[in-house]
Protein chains: 2
Amino acid sequence: MKKALPDPMIEARRAHPPPAQTDPVVGALVDEIIGRVADKWTMLILEALEDHGTLRFTQLGRHVGDISQKMLTKTVRQMERDGLVARTVYPVVPPRVEYSLTELGRTLGAAFCGVWIWAETYHAQIEAARKAFAERGG
Amino acid sequence: MKKALPDPMIEARRAHPPPAQTDPVVGALVDEIIGRVADKWTMLILEALEDHGTLRFTQLGRHVGDISQKMLTKTVRQMERDGLVARTVYPVVPPRVEYSLTELGRTLGAAFCGVWIWAETYHAQIEAARKAFAERGG
DNA sequence: AGCCTATACTCTCCTTTGGTAAGTAGGCAC
DNA sequence: GTGCCTACTTACCAAAGGAGAGTATAGGCT
């Protein structure tokens, strides 16, 4: 499907990678995106939609877990705005709204996949580190 | 949305996990870890230490960008607690404190690597999606 | 002696963000 | 009529986070 639009700056950077360093312009842009995408609720909603496909508002909330309706609405709207989720409204009563990942959302889900695997793999080490930290006086 | 009354569909799914699916106990644990690790500052600090190796407090802050000292202190301490960064204090005046990634931190950095590549690859599409969203009346 | 500098915080105040609980719309079953 | 269903809003309050000033103190300069 939609191939990544060739970004000349990124391509140039990849062709001549400075000592493992990003160029400042792209770096700033990327940091901005990271700031929007790297939050708890975005990641959890992404996971829920990845695992269960299309979901209605309330179902989505249940799968995410301890999220307030306010944050669910807000986060999902932000994700829609960023082209990560598709929101389909059926004009019926009672209302019916379905959420699913777009192609772009699925690529992000794939990117985050490594983080989930990491969490699954190392959560025991984190617990251990935390205990050690507490014991030497945090 | 707090208590999540037992949803029969969810329960059924947990009883018979589809292939390549996490078990609910580990899943909850993982979600908790995601909640701690998936925040803007943690990711940006991780990136800074990955790119530049050992850094002192003020240098780290400069590399991260627009972070307040309060959040830098807090986030870095949390990361130390979780075993992601090592904090070395030299008892000299003026004070000197060095931060670097632990082995565990480096594995997390590697896991997040995919997200940075995603952001670099797709930021143009996000901008486009946002513009389209605004035009059809956000 | 007195003063200044450097660094890694910490503290106080204030703004922004997020949670909680109570609406709201409106067709349908009763 | 009453109540129910669902996907939101809204009002209010608590918590998180930013801005800027303050702290400690060895060494250098005057």
Side-chain angles (χ1 to χ4, degrees), chain A residues 31-32 34-45 48-49 52 54-82 85-100 133 137-138, chain B residues 1-10 31-32 34-45 48-49 52 54-82 85-100 133 137-138:
Chain A
D31 282 2
E32 188 223 9
I34 293 289
R36 297 188 183 168
V37 139
D39 96 293
K40 190 184 163 183
W41 296 137
T42 301
M43 284 188 66
L44 259 21
I45 288 172
L49 289 176
H52 305 95
T54 299
L55 289 175
R56 298 181 60 177
F57 183 83
T58 308
Q59 292 176 328
L60 180 54
R62 266 196 291 263
H63 283 292
V64 168
D66 230 2
I67 189 173
S68 65
Q69 291 186 326
K70 186 172 151 185
M71 281 315 289
L72 183 53
T73 304
K74 189 185 162 193
T75 309
V76 118
R77 286 276 214 289
Q78 172 84 41
M79 292 173 80
E80 184 194 5
R81 192 170 109 91
D82 288 346
V85 312
R87 179 166 167 273
T88 314
V89 180
Y90 299 90
V92 297
V93 158
R96 175 184 188 85
V97 181
E98 291 184 345
Y99 297 94
S100 58
F133 184 84
Chain B
M1 188 129 324
K2 187 139 177 206
K3 280 313 175 343
L5 319 180
D7 179 327
M9 296 215 292
I10 295 179
D31 282 3
E32 188 224 8
I34 293 291
R36 297 188 182 167
V37 139
D39 96 294
K40 192 184 164 183
W41 297 136
T42 301
M43 284 188 65
L44 293 175
I45 288 172
L49 289 176
H52 304 96
T54 297
L55 289 175
R56 299 182 58 177
F57 183 84
T58 309
Q59 294 175 326
L60 181 54
R62 265 196 292 266
H63 282 294
V64 168
D66 229 0
I67 190 172
S68 65
Q69 290 186 324
K70 185 172 152 185
M71 280 315 290
L72 182 53
T73 303
K74 190 185 161 191
T75 309
V76 118
R77 285 277 213 290
Q78 172 83 40
M79 291 173 81
E80 184 194 5
R81 192 170 108 91
D82 288 348
V85 311
R87 179 166 167 274
T88 313
V89 180
Y90 299 91
V92 298
V93 159
R96 176 183 188 86
V97 180
E98 290 184 346
Y99 297 94
S100 58
F133 184 85

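Just so we're on the same page: letters track the sequence lines, and every chain starts at 1.
With A:Thr73 contributing its side chain and A:Gln69 its backbone, the two residues share a donor-acceptor pair below 3.5 Å.
As rounded to whole Å, 10 Å separates atom C1' of C:dG18 from atom CH2 of A:Trp41. Put simply, CE on B:Met71 is 18 Å from P on D:dG20, counting in whole angstrom units. When rounded to the nearest whole Å, the span between CZ of B:Arg56 and P of C:dT7 equals 6 Å. Distance A:Tyr90 OH to C:dA25 P: 25 Å, rounded to the nearest Å. Between the C1' atom of D:dA16 and the CG atom of B:Asp39 lies a distance of 12 Å, rounded to the nearest Å. In this structure, B:Asp66 places its CG atom 10 Å from C1' of D:dG18, rounding to the nearest Å. Atom-to-atom, CG of B:Leu60 to P of C:dT7 comes out at 15 Å; the value is rounded to the nearest Å. Atom-to-atom, CZ of B:Arg96 to P of D:dG27 comes out at 16 Å; the value is rounded to the nearest Å.
When the nearest nucleotides of DNA chain D are assigned to B:Pro95 and A:Lys70 by heavy-atom distance, the more 5′-ward of the two goes with A:Lys70.
For B:Gln69, the listed nucleotide lying nearest its side chain is D:dA21; candidates were D:dA21, D:dA7, D:dG17. Listed nucleotides D:dC8, C:dT10, D:dA16 differ in distance to B:Arg77; the shortest reach to its side chain belongs to C:dT10. Nearest nucleotide to the side chain of B:Pro94, out of D:dA21, C:dA6, D:dC8: C:dA6. You'll find that the side chain of B:Val93 is closest to D:dA26, out of C:dG19, D:dA26, D:dC8.
Side-chain nitrogen and oxygen atoms of B:Tyr99 include at least one within less than 4.0 Å of the OP1 or OP2 phosphate oxygen of C:dC9. The side chain of A:Arg87 contributes no N or O atom lying less than 4.0 Å from OP1 or OP2 of D:dA7. For D:dA7, one of the phosphate oxygens OP1 or OP2 lies less than 4.0 angstrom from a side-chain nitrogen or oxygen of A:Thr58. Here B:Lys74 reaches the OP1 or OP2 of D:dG17: one of its side-chain N or O atoms lies under 4.0 Å away.
When only modelled atom types and interatomic distance are considered, A:Gln59 and A:Tyr99 share no side-chain donor-acceptor pair under 3.5 Å.
Atom OH of B:Tyr90 sits about 10.0 Å away from atom CZ of B:Arg56, to the nearest 0.5 Å. One distance of note links CD of A:Gln78 with CD1 of A:Ile45; it measures 10.5 Å at 0.5 Å rounding.
For the side-chain contact (heavy atoms from CB on, under 4.5 Å) test with A:Val85, the passing option among A:Thr42, A:Leu49, A:Leu55, A:Leu60 is A:Leu49; the others fail.
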